[in-house]
Amino acid sequence: LAVVDPATIDSIATEGKDGIVKGEAFAALGSNLSFGEGDSVTVKWTEGGEEKSLALTPKATTPERMDFDAVDAFDEIPDDTELTFEFDLGGETAEGETRLLGE
């Protein structure tokens, strides 16, 4: 029986900003963020009363940091939209929220 420490999310943002800047890379910071086979990251938001979602794959991970490239689809989402990230890592789930900032 393996004991898995749950992932925690402290922040999700473009470096030096209080949210994700459109067209720029960003990172999730926390603990136990290693990404392996079968793991997933999904971002969700509401636009025009409709819930939307997108699966993301990190470009690099360490236990304390998960890096993502800029997401082209974010360019079509209105500025200041709240984004909810769901991390399914090793069968454990964690959530983090942030805002989408204009360029």
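Side-chain atoms are counted along with the backbone in the values below, which use heavy atoms only and exclude waters and symmetry mates.
- A 4.5 Å side-chain heavy-atom check between Phe85 and Thr42 finds every atom pair outside the cut-off.
- Partners of Asp69 under the salt bridge (charged side-chain N to carboxylate O under 4.0 Å, His left out) rule, at least two apart in sequence or in another chain, are Lys59.
- Scored by the salt bridge (charged side-chain N to carboxylate O under 4.0 Å, His left out) test, Asp72 finds no partners at all (sequence neighbours excluded).
- Shown here for Asp80 and Arg99, the closest heavy-atom pair between the two residues is O-NH1, 2.8 Å.
- The salt bridge (charged side-chain N to carboxylate O under 4.0 Å, His left out) analysis of residues 7-19, with sequence neighbours excluded, yields the pairs Glu15-Arg65.
- For residues 22-36, the pairs satisfying side-chain hydrogen bond (donor to acceptor under 3.5 Å, both in side chains) are Thr8-Ser31, Lys22-Asp79, with sequence neighbours left out.
- Checking side-chain atoms of Thr14 against main-chain N and O of Ala25 turns up a donor-acceptor pair under 3.5 Å.
- The side-chain contact (heavy atoms from CB on, under 4.5 Å) test applied to Ala55 returns no partner, not counting sequence neighbours.
- Contact record, Ala28 with Leu33: O-CD1, 3.6 Å, taken as the closest heavy-atom pair.
- Contact check for Leu100 versus Ile20: side-chain heavy atoms found under the 4.5 Å cut-off.
- For the pair Ala73 and Ile77, the tightest heavy-atom approach, listed with the atom from each and the gap, is O-CG1, 3.7 Å.
- Side-chain contact between Phe87 and Met66 is present, with at least one heavy-atom pair separated by less than 4.5 Å.
- With sequence neighbours excluded, no residue satisfies salt bridge (charged side-chain N to carboxylate O under 4.0 Å, His left out) with Glu64.
- Scanning all heavy atoms of the two residues, the minimum distance from Val71 to Leu54 falls at CG1-CD2, 3.6 Å.
- Residue pairs meeting the ring pair (Phe, Tyr, Trp, His ring centres under 6.0 Å) criterion with at least one member in residues 35-55: none, sequence neighbours excluded.
- With a 4.5 Å cut-off between side-chain heavy atoms of Ile, Leu, Val, Met, Phe, Trp and Tyr, the cluster of Val21 takes in Leu101.
- Applying the salt bridge (charged side-chain N to carboxylate O under 4.0 Å, His left out) test to every pair with at least one member in residues 36-54, sequence neighbours left out, gives these pairs: Lys44-Glu86.
- In this structure, Leu89 CG and Ser40 OG are separated by 7.5 Å, a value rounded to the nearest 0.5 Å.
- Contact check for Ser11 versus Leu29: side-chain heavy atoms found under the 4.5 Å cut-off.
- Atom CZ of residue Phe74 and atom OG1 of residue Thr81 lie 10.5 Å apart, to the nearest 0.5 angstrom.
- When the side-chain contact (heavy atoms from CB on, under 4.5 Å) test is applied to Thr93, the partners found at least two apart in sequence or on another chain are Asp88.
- Judged as a ring pair (Phe, Tyr, Trp, His ring centres under 6.0 Å), and not counting sequence neighbours, the contacts of Phe68 are Phe26.
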